[in-house]
**Student:** 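Take this structure first; my questions come after.
Naming convention: chains lettered A, B, ... in sequence-line order (proteins, then strands); numbering from 1 in each chain.
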Amino acid sequence: MNDQLRVRRQKMQELRDEGIDPFGHRFERDAMTQGLHDKYGETTKEQLEEEEHVVTIAGRMMTKRGKGKVGFADFADRDGRIQVYVRKDQVGEENYHIFKRSDIGDIMGITGSVMKTDTGELTIRANHVTFLTKALRPLPDKYHGLQNVEQKYRQRYLDLISNRESFDRFMKRSHIISAVREYLDQHEFTEVETPVLHTQAGGASARPFTTHHNALNIDLYLRIALELHLKRLIVGGMERVYEIGRVFRNEGIDTRHNPEFTMLETYAAYWDLTDVMDETEGIFRFAAQKVNGSGQITYQGQSIDLDKPFKRIHMVDAIKEQTGVDFWPKMSVADAQKLADEHHVEYQEWWTVGHIINAFFETFVEETLTQPTFIYGHPIEISPLAKKDPKDPRFVGRFELFIHGGEYANAFTELNDPIDQRERFEAQAKEREEGNDEAHGIDEDYVEALEYGMPPTGGLGIGIDRLVMLLTDVDSIRDVLLFPTMRPEKTLTDDEL
RNA sequence: GAGCCGUUAGCUCAGUCGGUAGAGCAUCUGACUUUUAAUCAGAGGGUCAACAGUUCGAACCUGUUACGGCUCACCA
């Protein structure tokens, strides 16, 4: 234990000896710091002296400046900060002693009158200080905040206390999710909750986490998607449903992937992709408006306009626009390979035309899509779960939304033909047997549901974490997850406590 | 999975050529009744991530390990 920890424990004991509970009780405040700034920020020093507004706040002491028989300290609550001015002759000797012996990090309640200092800073002149909670450990540097990246993730509370921009970002995350809910609720979607524990992973290609239920004695999977249960609800007549929920994928971790992340999926009966595009645009625009007050945002130094209608372009046209290569004419695999060779696009032997089209898209187009762009008409080969385009069976009813070169939404005209669905599940099951552990087996129960009839449906998936990254202008998913997945640290010894 | 980088006081960071470790904040003592990263005077605080090696001598050089970061690869 270092000197700082010892001193704070001693001070805790001093408080007890003085009859003060160092871990106090209910405290009623009548003002928030930001509210005071809003209310009195413009009022003059003289006017505040005349009017005498007595308020009570509570918060954590963030800085402290002692000056003999007076002291200044900044207190933070969830809204912001305010300076407090404590005078010995005003609060009395005993009360001043408590303030004097308090440490940065301690939590207190302050009652006093609103004033302004000579330099014009809004301040509470304390009449009384109520000690509420002792901090037994020192806070990170008051000026630099917590900079250690690992510690920010492992001890997020310290990051939240000492880095206000981080605190604000997480508040914003919460507001973004509220905005998404508000938008969908306004559009007559019903929010539902479906199981996290699945007897069979499905709805996406990904490796699942497995777990075990003791009483039933069965292995269960943590869900990798929300899809199949939500579509059962479309069969059940709910018509417009959504879920915002955690999904789990047992895959790598990097700046854009965390093993657990938050997905939004929505399904609307009788909609086609045009409707879903409108919905997607609506969600992005509404959320941006709610949290940033504008659809004009800056992401990693790049201006992005979410207010303007998003561009909508077929994948083949986008490739043509960017490279001049035209994949519209029907062509053989050899023709496509020749085009790939000419443009130095690498391909595998077994690839068909659709795979090569996709490779062209990823190589030449994706990173150029800075402004919001819907790419639709994916080749069927890369979209095994989507419904074929009846007018051109080489492509499917699917779109993805790209912004700043990254994918933000993925949508389908949902496959509602149970015969076709069963065949595709069988193909997946076969892949699984051949060793693809991201493919999954036949979900008989789901196929049966489809046999009762699922109306034509438009489905949408949005990675909420990436939406939050976009709207808060950060480039690592860990900066929008309060507690990102980390490898455990070594066990702390007594000395480190 | 590969490559590169990081880990020094509670926090933020220096540390030259290999010679027993420094600053600011924080802490402690004293001064100070409108301070603003308060100031002034003094003091204490270190398993230099861990282990092994090279060396008369290692924070520094070498190796291994742990944790983290970035890039690439993988990835509906």
Side-chain angles (χ1 to χ4, degrees), chain A residues 1-11 45 49 61-74 81 83-91 96 100-101 103-105 115-123 125 135-155 158-159 161-163 202-207 224-225 227 247 249-257 259 263 358 362 378 381-386 396 398 400 407 409-412 428 436-440 461 463 475-476 478-479 484 486-491 493 495-497:
Chain A
M1 195 186 290
N2 69 36
D3 57 333
Q4 310 218 28
L5 301 190
R6 264 192 295 273
V7 162
R8 285 166 183 252
R9 275 171 169 75
Q10 278 163 21
K11 287 177 174 177
K45 179 172 161 68
E49 290 300 333
M61 189 192 276
M62 302 304 291
T63 65
K64 191 183 178 192
R65 297 171 287 283
K67 253 191 129 287
K69 297 186 178 63
V70 306
F72 291 86
D74 291 340
R81 278 188 191 204
Q83 179 169 260
V84 168
Y85 175 39
V86 186
R87 294 173 62 105
K88 192 174 190 174
D89 60 9
Q90 183 121 15
V91 299
Y96 189 72
K100 193 85 179 168
R101 293 290 289 162
D103 289 305
I104 290 175
M115 59 164 275
K116 273 193 175 171
T117 63
D118 290 343
T119 51
E121 180 164 353
L122 194 72
T123 300
R125 188 195 295 107
L136 294 179
R137 290 171 180 270
L139 253 38
D141 192 284
K142 68 177 177 186
Y143 186 68
H144 299 93
L146 184 64
Q147 296 300 321
N148 184 316
V149 179
E150 184 175 353
Q151 211 174 349
K152 279 192 206 184
Y153 299 149
R154 291 194 195 276
Q155 296 176 276
L158 290 179
D159 179 42
I161 289 168
S162 52
N163 301 325
S205 304
R207 271 182 293 165
I224 56 173
E227 177 143 349
V247 299
R249 296 185 182 179
N250 204 340
E251 289 168 354
I253 298 181
D254 61 33
T255 48
R256 306 189 78 78
H257 299 84
M263 277 282 279
N358 185 53
E362 288 181 358
H378 295 59
E381 294 93 325
I382 60 158
S383 308
L385 300 174
V396 296
R398 174 183 180 188
E400 290 177 293
E407 183 200 328
N410 193 11
F412 295 98
Q428 290 268 306
N436 180 358
D437 54 5
E438 291 185 357
H440 304 289
D475 59 2
S476 171
R478 296 181 206 98
D479 290 330
M486 302 284 277
R487 206 182 274 275
E489 272 183 304
K490 64 182 163 57
T491 316
T493 63
D495 286 344
E496 286 167 297
L497 286 176

**Student:** Hey, is the side chain of A:E121 pairing donor to acceptor with the base of B:U36 inside 3.5 Å?
**Tutor:** yes
**Student:** Please check the phosphate of B:G69 (OP1 and OP2 only) for any side-chain N or O of A:R478 closer than 4.0 Å.
**Tutor:** yes
**Student:** Counting only side-chain nitrogens and oxygens, does A:Q151 get under 4.0 Å of the OP1 or OP2 atom of B:C11?
**Tutor:** yes
**Student:** Could you list all N or O pairs between the protein and nucleotides 2-7 of chain B that sit under 3.5 Å apart?
**Tutor:**
none

**Student:** Just compare B:U35, B:U12, B:G68 and give me whichever is closest to any side-chain atom of A:T117.
**Tutor:**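 The closest nucleotide is B:U35.
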**Student:** Pick the P atom in B:U55 and in B:U65, then give their distance to the nearest Å.
**Tutor:** 23 Å
**Student:** Is there side-chain contact between A:T63 and A:Q83, with heavy atoms separated by less than 4.5 Å?
**Tutor:** no
**Student:** Any protein N or O atoms within reach of nucleotides 25-29 of chain B? Criterion: under 3.5 Å, listing atom names and distances.
**Tutor:**
from, atom 1, to, atom 2, distance (Å)
B:C25, O3', A:K142, NZ, 3.4
B:A26, OP1, A:K142, NZ, 2.9
B:A26, O2', A:Q4, OE1, 3.1
B:A26, N3, A:Q4, NE2, 2.9
B:U27, O4', A:Q4, OE1, 3.4
B:C28, OP1, A:K11, NZ, 2.4

**Student:** Give one of base, sugar-phosphate or nothing for A:F412, where a contact means two heavy atoms less than 4.0 Å apart.
**Tutor:**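 Touches a base.
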**Student:** How close do A:Y85 and A:T123 get, counting heavy atoms only, and between which atoms?
**Tutor:**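 Scanning both residues completely, I find the closest heavy atoms to be CB-CG2, 3.5 Å.
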**Student:** How far apart are the closest heavy atoms of A:H378 and A:S383, and which atoms are they?
**Tutor:**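 That would be CB-OG, 3.6 Å.
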**Student:** Base, sugar-phosphate, or nothing: which does A:S162 touch, judged by heavy atoms less than 4.0 Å apart?
**Tutor:**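 Since no nucleic acid heavy atom lies under 4.0 Å of A:S162, the category is nothing.
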**Student:** Would you name the heavy atoms of A:A386 and A:F412 that are closest together and state the gap between them?
**Tutor:** CB-CD2, 3.2 Å
**Student:** Is there side-chain contact between A:D74 and A:R65, with heavy atoms separated by less than 4.5 Å?
**Tutor:** yes
**Student:** Looking only at the side chain of A:R65 (C-beta and beyond, no hydrogens), which of the listed nucleotides B:U34, B:A38, B:U12 gets closest?
**Tutor:** B:A38
**Student:** What do the steps show when you test A:M62 against A:I161 for side chain to side chain contact (heavy atoms under 4.5 Å, CB included), and what is the final call?
**Tutor:** CA-CA 9 Å; A:M62 302 304 291; A:I161 289 168; 3.8 Å; yes
**Student:** When the distance from CG of A:L5 to C1' of B:C11 is rounded to whole Å, what number comes out?
**Tutor:** 13 Å
**Student:** Answer with base, sugar-phosphate or nothing: what part of the nucleic acid does A:M486 contact at a heavy-atom distance below 4.0 Å?
**Tutor:**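 Here A:M486 touches the backbone only, sparing every base.
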**Student:** Below 4.5 Å, heavy atoms only, C-beta onward: do A:I253 and A:P259 meet side chain to side chain?
**Tutor:**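 Of all side-chain heavy-atom pairs linking A:P259 with A:I253, at least one is under 4.5 Å.
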**Student:** Would you give the length of the straight line joining atom OH of A:Y96 to atom CZ of A:R101, rounded to the nearest 0.5 angstrom?
**Tutor:**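 If we round to the nearest 0.5 Å, A:Y96:OH and A:R101:CZ are 13.0 Å apart.
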**Student:** Name the nucleic acid region contacted by A:D89, choosing base, sugar-phosphate or nothing; use a 4.0 angstrom heavy-atom cut-off, strictly under.
**Tutor:**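 If one applies the 4.0 Å heavy-atom cut-off, A:D89 turns out to touch a base.
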**Student:** Please report the shortest heavy-atom distance between A:A225 and A:R249, naming the atom on each side.
**Tutor:**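 Taking A:A225 first and A:R249 second, the nearest heavy atoms are CB-NH2, 4.5 Å.
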**Student:** Side-chain donor or acceptor of A:H144 under 3.5 Å from a matching atom on the base of B:C13?
**Tutor:** no
**Student:** Nearest to the side chain of A:R154, which nucleotide is it out of B:C32, B:C67, B:U36?
**Tutor:**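 Ranking B:C32, B:C67, B:U36 by closest atom to the A:R154 side chain puts B:C67 first.
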**Student:** To the side chain of A:T63, which of B:A38, B:A76, B:G69 is closest?
**Tutor:** B:A38
**Student:** Taking the side chain as every heavy atom from C-beta outward, state whether A:K152 and A:N163 have any pair of such atoms under 4.5 Å apart.
**Tutor:** yes
**Student:** For B:U20, decide between syn and anti, treating a glycosidic angle within 90° of 0 as syn.
**Tutor:**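 B:U20: syn.
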**Student:** Side-chain contact, heavy-atom cut-off 4.5 Å: A:P484 with A:D479?
**Tutor:** no
**Student:** Nearest of B:C11, B:C74, B:U12 to any side-chain atom of A:D254?
**Tutor:**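 Looking only at heavy atoms from C-beta outward on A:D254, the closest nucleotide is B:C74.
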**Student:** Which value, in whole Å, describes the distance between the P atoms of nucleotides B:G68 and B:C61?
**Tutor:** 24 Å
**Student:** Check the distance between B:C67's C1' and A:I253's CD1 and give it to me in whole angstrom.
**Tutor:**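 Those two atoms, CD1 and C1', are 13 Å apart.
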**Student:** Are the side chains of A:E438 and A:E251 in contact, using a 4.5 Å heavy-atom criterion?
**Tutor:** yes
**Student:** Could you give the CG-to-C1' distance, from A:L158 to B:C11, as a whole number of Å?
**Tutor:** 10 Å
**Student:** Counting the atoms with a prime plus P, OP1 and OP2 as sugar-phosphate, which does A:G461 contact under 4.0 Å by heavy atoms, base, sugar-phosphate, or nothing?
**Tutor:**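 The answer is nothing, as A:G461 stays clear of every strand by at least 4.0 Å.
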**Student:** Using a cut-off of 4.0 Å on non-hydrogen atoms, how would the nucleic acid contact of A:E438 be classed: base, sugar-phosphate, or nothing?
**Tutor:**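 Answer is sugar-phosphate: A:E438 comes under 4.0 Å of backbone atoms only.
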**Student:** In whole Å, measure the gap between the P atoms of B:U8 and B:U16 for me.
**Tutor:**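 Those two atoms are separated by 16 Å.
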**Student:** Would you indicate which nucleotide in B:U36, B:A38, B:C13 comes nearest to any side-chain atom of A:Q147?
**Tutor:**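 Of the options given, the side chain of A:Q147 lies nearest B:C13.
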**Student:** Starting from P on B:A37, measure out to CD on A:Q83 and report it in whole angstrom.
**Tutor:** 11 Å
**Student:** Would you call A:R125-A:E49 a salt bridge at under 4.0 Å N-O?
**Tutor:**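 Result for this pair is yes, salt bridge flagged.
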**Student:** Ignoring backbone atoms, test whether A:R487 places a side-chain nitrogen or oxygen under 4.0 Å from the OP1 or OP2 oxygen of B:C67.
**Tutor:**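 Answer is yes, contact under 4.0 Å.
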**Student:** Could you tell me the separation between the CG atom of A:D437 and the P atom of B:A76, rounded to a whole number of Å?
**Tutor:** 11 Å
**Student:** How does RNA chain B read in dot-bracket, base by base from 5' to 3', with Watson-Crick or G-U pairs under 3.5 Å and | used when the partner is on another strand?
**Tutor:** (((((((..((((.....[..)))).(((((.......))))).....(((((..]....))))))))))))....
**Student:** Is a salt bridge present between A:K64 and A:D103, judged by a nitrogen-to-oxygen distance below 4.0 Å?
**Tutor:** no
**Student:** Does a side-chain N or O from A:N2 land closer than 4.0 Å to OP1 or OP2 of B:G10, or not?
**Tutor:**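 For A:N2, the contact criterion (side-chain N or O under 4.0 Å from OP1 or OP2 of B:G10) is met.
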**Student:** Of the candidate nucleotides B:C75, B:A76, B:C32, which contains the atom at the shortest distance from the side chain of A:K100?
**Tutor:** B:C32
**Student:** Does A:R207 make a side-chain N or O approach to OP1 or OP2 of B:C75 shorter than 4.0 Å?
**Tutor:**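 No, outside the criterion.
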